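Computed from a predicted model, the values in this text were never measured in an experiment.
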Amino acid sequence: MVDGNDPCTPVTPPQPPSPPPSMSDASLEKELRLLREENARLRSQLSHHQQQEQEQHQQQLNSSSRTAAVSPSAPTTQNPATQDIPQGSSFVSQLDSDQIQRYSRQLLLQGGFGVEGQLKLAKSSVLVVGAGGIGSTVILYLAACGVGEMSIVDFDCVDVSNLHRQVIHQNDDVGVNKAESACRAIRNLNPLVQCRAITSPLTYENAHDLVSRHTCVVDASDNPQTRYLVNDACVLANRPLVSGSAIGTEGQLTVYNHNGGPCYRCLYPKPSKAEGAKSCSDNGVLGTVPGTIGMLQATETIKLITGTGRTMHDRLLMYDSMECSFMSFKKPPRKSACAVCGDQPTIRSMTDSFEVSQVARGFSCEYVPIPLAEELQISCEEYAKVRDAQSPHVLLDVRVSEQFNLCTIPGAKNVPLANLDSDLLDSILEGEMQNMNSNHDDDDDDDHNDNDDGVTQSIPVFCLCRRGIFSATATQLLNDAKAKHPQMGPIKNIKGGLDAWRQRVDPDFPQY
């Protein structure tokens with residue numbers, strides 16, 4: 001029988017009973033998948049080492065040429081840098097006239113950049129994960145500076161709400177895939193750059209292959225699960241990772257898996273659902289902040305490729321736009337116990353990476369409302385009928401005040417979910433009853449306030465938020481407290497929230 005831990009073990013009689021076919025097939029399939037991933041990883045490492053040897057050999061040739069040029073006794077030989085110059089050319093250079101003119105300002109830089117740095121850029125390939133707010137400026141500046149090839153990964157499409165910060169996209173690009181829109185912008189900016197749009201998400205199935213094909217990787221994603229996958233693929237493929245993030249008015253930048261520095265898992269070893277829970281769509285972002293972080297990421301990428309300057313591999317940069325302050329912190333060293341880059345790693349394939357990272361919030365992870373009984377929910381269409389009938393009720397908007405001030409349904413009362421308290425709702429209900437009483441005759445007052453037995457009547461409460469998610473939580477909280485608050489009538493969550501209201505009831509209601 002073939003040993004599950006060693007597929008090369010010879011078959012020796014007598015054979016013990018075979019396991020069930022389904023278990024054996026699954027085991028062999030998993031083993032085959034792991035071997036393929038390991039083979040790809042080793043091939044990537046071999047390619048990387050061969051490239052390093054070629055670069056070292058070229059540097060030795062260049063050094064020998066320079067020595068020969070200054071030695072008075074050295075014989076006159078053709079400079080390797082000019083060997084590919086076509087016969088009859090009016091100038092001698094490793095760059096053509098278009099490159100010299102386009103990149104002239106950075107070619108004039110001292111400190112090791114110049115022609116040598118430009119040639120390294122032209123031979124490099126960069127993978128950019130995300131063409132949003134951060135990715136926009138990363139992509140534009142890397143293209144403008146002359147990176148040879150770029151692959152851009154983004155499955156999302158351009159939305160009007162993106163344009164205040166995602167400056168690579170134009171108004172005419174709304175509805176177009178972001179990776180394709182970014183490649184079109186690159187071609188318009190610098191036709192010398194080769195660009196490839198990848199319109200499918202980066203997953204554990206394609207991450208290693210994509211990463212291993214490129215010189216350097218830029219993480220401009222917006223969720224922790226992707227960050228873990230990109231990090232692990234970079235470690236397994238031995239590629240440096242330039243990482244940036246931005247939310248609100250702040251951003252941060254660093255470089256992982258380079259020059260002996262730590263990787264992302266060294267700093268954040270255990271993925272969690274709470275980590276990275278904030279998003280720009282819910283918490284907002286100042287448009288210039290991701291742009292600033294993106295420019296810094298582009299600079300770090302250029303430094304990595306050209307070998308100039310000091311990279312952020314051992315530091316973490318924090319940017320506060322409101323204070324216009326940059327704070328640099330020394331990162332802890334690489335952890336020997338790290339699951340992926342440690343001395344005895346437990347993550348040896350992208351399948352391993354996915355299994356331990358899927359708890360983190362991913363690109364397709366939407367907030368899911370808590371399950372509610374059907375009697376605690378109402379559709380937007382049904383609630384619209386309640387409004388048309390002018391039936392007494394309270395519309396409780398549980399969004400934060402910043403979102404409430406953007407737009408809401410007329411008559412809504414704003415109590416953010418974090419501040420929601422049944423006693424506070426009692427005061428709202430009391431005020432609503434007083435309004436009702438002031439609009440009816442004395443005879444009708446009794447019908448709305450007390451019945452014949454002196455029992456206090458109640459008022460229905462409809463909970464509302466942007467997508468019907470946080471309002472579901474509010475509905476459950478209020479329904480649980482209902483027994484102690486007789487003024488509360490039926491508590492219902494408006495399913496789908498304001499997004500559904502705009503789609504099904506009022507198409508003129510703003511989208512944000």
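Look at E180 and R184 and you find no salt bridge, because none of the NZ, NE, NH1 or NH2 atoms lies under 4.0 Å from a carboxylate O. Between D209 and R213 a salt bridge is recorded (basic side-chain N to carboxylate O distance below 4.0 Å). Using a 4.0 Å cut-off between charged nitrogen and carboxylate oxygen, D156 and K178 count as a salt-bridge pair.
Y319 and F326 have parallel rings, their planes meeting at less than 30° on a 0 to 90° scale where 60° marks the start of perpendicular.
Residues I293 and S245 have side chains not in contact (no heavy-atom distance under 4.5 Å, counting atoms from C-beta outward). Looking at heavy atoms from C-beta onward, F329 lies in side-chain contact with M318 at the 4.5 angstrom threshold. Between V285 and T249, the closest side-chain pair of non-hydrogen atoms is not below 4.5 Å. V356 is not listed as a side-chain neighbour of D352, based on a closest heavy-atom distance of 4.5 Å or more. Inter-residue side-chain proximity for S181 and V158 is flagged as met; some heavy-atom pair is nearer than 4.5 Å. Residues S151 and L210 fail the side-chain proximity criterion, which asks for heavy atoms closer than 4.5 Å. Looking at E250 and M322, their side chains never come closer than 4.5 Å, going by heavy atoms from C-beta outward. Using a 4.5 Å heavy-atom cutoff, the side chains of L464 and V398 are not in contact.
Across all their heavy atoms, N206 and P201 have their closest contact at ND2-O, 3.1 Å. Here the shortest heavy-atom pairing between Q297 and V242 reads NE2-O, 3.1 Å. Smallest separation of non-hydrogen atoms from R239 and T215: CD-O, 3.7 Å. Residues I186 and M150 come closest through the heavy atom pair CD1-CE, 3.6 Å. Across C263 and C338, no two heavy atoms sit closer than the pair SG-SG, 3.6 Å. Contact detail for S136 and A131: the closest heavy-atom pair is OG-O, 4.1 Å.
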Quiz item: Between Q118 and F113, is a side-chain contact (heavy atoms from CB on, under 4.5 Å) present by the stated rule, with each step listed?
Solution: CA-CA 7 Å; Q118 194 64 54; F113 190 87; 3.9 Å; yes

Practice problem: Kindly determine whether Y103 and N190 satisfy side chain to side chain donor-acceptor pair (under 3.5 Å), including the steps that lead there. | Solution: CA-CA 11 Å; Y103 308 126; N190 188 352; 2.9 Å; yes

Practice problem: Test K120 against K123 for side-chain contact (heavy atoms from CB on, under 4.5 Å), laying out the working first. | Solution: CA-CA 5 Å; K120 289 180 179 179; K123 295 177 181 178; 6.0 Å; no

Exercise. Start with the C-alpha distance between H214 and S125, add both sets of side-chain angles, then the distance that settles side chain to side chain donor-acceptor pair (under 3.5 Å), and finish with yes or no.
Key: CA-CA 5 Å; H214 297 82; S125 59; 5.0 Å; no

Quiz item: Between L498 and R399, does a side-chain contact (heavy atoms from CB on, under 4.5 Å) hold up when you go through it step by step?
Solution: CA-CA 11 Å; L498 291 172; R399 295 175 297 159; 3.3 Å; yes

Practice problem: Kindly determine whether C266 and C341 satisfy side-chain contact (heavy atoms from CB on, under 4.5 Å), including the steps that lead there. | Solution: CA-CA 8 Å; C266 290; C341 75; 3.4 Å; yes

Self-check item: side chain to side chain donor-acceptor pair (under 3.5 Å) evaluation trace for N177 with T199
Solution: CA-CA 7 Å; N177 173 268; T199 58; 5.0 Å; no

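Remark: L95 CG to L107 CG distance equals 6.0 Å, nearest 0.5 Å. Distance NE2/H258 to CG/D314: 9.5 Å, rounded to 0.5 Å. To the nearest 0.5 Å, atom OH of residue Y228 and atom CG of residue D219 are 12.0 Å apart. Here M327 contributes atom CE and Q252 contributes atom CD; the two are 13.0 Å apart, rounded to the nearest 0.5 Å. One distance of note links CD of Q194 with CG of L192; it measures 9.0 Å at 0.5 Å rounding. Rounding to the nearest 0.5 angstrom, the gap separating the CD atom in Q403 from the CZ atom in F470 is 8.5 Å.
Under the 6.0 Å distance and 45° angle rule, R334 does not count as a cation-pi partner of Y256.
At least one donor-acceptor pair closer than 3.5 Å links the side chain of K303 to the backbone N or O of R310. For the pair T292 (side chain) and T288 (backbone), a donor-acceptor distance under 3.5 Å is present. Side-chain atoms of E300 come within 3.5 Å of backbone atoms of M312 as a donor-acceptor pair (strictly under, hydrogens ignored). With hydrogens and angles ignored, the 3.5 Å screen pairs no side-chain donor or acceptor of T226 with any backbone N or O of D222. Looking at N257, its side chain never comes within 3.5 Å of a backbone N or O of L241 through a donor-acceptor pair. Formation of a donor-acceptor pair under 3.5 Å by the N405 side chain with backbone atoms of S401 is found in this model.
With S357 as reference, R265 is the one residue of Q225, R265, R227 to meet the side chain to side chain donor-acceptor pair (under 3.5 Å) rule. Each of L253, T254, V255 was scored for a side-chain contact (heavy atoms from CB on, under 4.5 Å) with L317, with one residue passing: L253. Between H169 and the choices D159, L163, V174, the side-chain contact (heavy atoms from CB on, under 4.5 Å) rule is met once, by L163. Considering V147, I139, I152 in turn, I152 is the only one that fulfils the side-chain contact (heavy atoms from CB on, under 4.5 Å) rule with C195.
Counting non-hydrogen atoms of other residues, nucleotides and ligands closer than 6.0 Å to OH of Y141 gives a total of 12 or fewer.
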